[in-house]
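It should be emphasised that the depicted structure is a prediction, and the values quoted were computed from it without experimental measurement. Atoms within each ligand, like the ligands themselves, are counted from 1 in listed order.
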Amino acid sequence: PLASFLPKLGNRQLFQRNYASTLAFIESSKDGSISKSSLSLLAAAEKLSNPITAVITGSQAEKTAKALKFFYSCKNLEKLILFEDSKLDACLPEKLTPLLVNLLKGKEYSHFVVSNSSVGKSILPRVGALLDVQPVCEVTVIKDPNTFVRPIYAGNVISTIECPTEKKLLSIRASAFAPIAEGSMESVSIKKETDIPPCDLDVNCVKTILTRNERPELTSAQNVVTGGRALKDKETFDKLLSPLADVLHAAIGATRASVDNGLCDNSLQVGQTGKVVAPDLYIAVGVSGAVQHLAGMKDSKIIVAINNDPDAPIFNVADYGLQGDLYKIVPELTEKLREE
Ligand code: FAD
């Protein structure tokens, strides 16, 4: 009742200024299923203790919204705003930014959250620039609605940031927040928006090339087996790591040196300039443990390192170290695990 009464008194600005609420940008795949990182994003948004509105875009927006509403439970989620348009399927930041800025430029939302995915990372700086707000990136802990923790200097320093700005723009490190639980949210409303602001730039997605991978998704896998430069070539990389990953139902990761040397696709890279993972088990095979690699995996719960150099820095972060020749150890370990 207050909400409808105040605008009539001409006090709308006053009402809106005091209103804290969060806008969360949800990502989904082509078939409409919600990305795991968005489920973690909503878990992080819950910690802001504000009412949450989620924005979903693309031709499958309604399917994604229904999946979220009927199969998950997010404490403060109140509303889903859908922009159902196939032009938004490719998640081009040039097309998404105007509609997000349109939603955010008023006083309604105090917080805007995106996943630290490639889509989130390309949207947030654009939205920040247009709203003239400095984003806070890669948040790993939300202490309160104004205080956030994030790693800096490749994870070597953990900084706590107090954010005095009226609006807060945050990207969330998905691996730091467990996804929201399953359930259902009958009371969540769904609103379809048809008014999509035009994009000033003539940008279109010409082609999408999907990398097919039967294995679990690297950033959300429970177990990860990572191969380093010591694996020498693509054939050895696949021949040694695939059987080990198969018995552990693990995702395969790689160092930048492996990627640069053509041992595997760059979508497997873990580290400062690759993906950040925090699985239950991380097995590093022939990986030296450079700081840039550690930045992407040192929060793993159990780290096992296989390396023939006793002074390799990876042993400093490993819970279990196997010093020796990986060409001998990996097949033996795979065989033992298969027998279990
Ligand atoms: P190496 O450092 O060459 O290590 C190979 C290891 O294998 C050695 O420790 C060796 O003892 C061991 N070994 C060799 N033979 C055997 C054997 N037979 N049995 C057992 N062990 C053996 N790196 C990343 O991984 N991810 C990033 O995101 C990333 N970002 C970067 C960003 C910047 C700006 C820069 C400058 C660098 C970045 N790097 C990154 C590169 C990083 O510095 C390292 O060069 C890289 O991680 C090394 O990869 P590696 O461990 O596979 O290779």
Report all protein residues having a heavy-atom distance below 4.0 Å to some atom of ligand 1; order the list by chain, then number. Gly228, Arg229, Ala230, Thr255, Arg256, Ala257, Gln269, Val270, Gly271, Gln272, Thr273, Gly274, Gly286, Val287, Ser288, Ala290, Gln292, His293, Asn307, Asn308, Asp309, Gly324, Asp325, Leu326, Tyr327
salt_bridge(Arg126, Glu94) N-O dist < 4.0 Å: yes
Below 3.5 Å, can you tabulate the donor-acceptor pairs from side chains in residues 283-292 to any protein atom, sequence neighbours excluded?
none

Can you find a side-chain donor-acceptor pair between Asp233 and Thr236 that sits under 3.5 Å? yes
side-chain hydrogen bond (donor to acceptor under 3.5 Å, both in side chains) with Lys192: which residues, sequence neighbours excluded? Glu62
Pairs satisfying side chain to side chain donor-acceptor pair (under 3.5 Å), at least one member in residues 25-34, at least two apart: Glu27-Ser117, Ser29-Asp31, Ser29-Ser33, Asp31-Ser33
Mind listing the closest non-hydrogen atom pair of Thr219 and Val277 along with its distance? CA-CG1, 4.1 Å
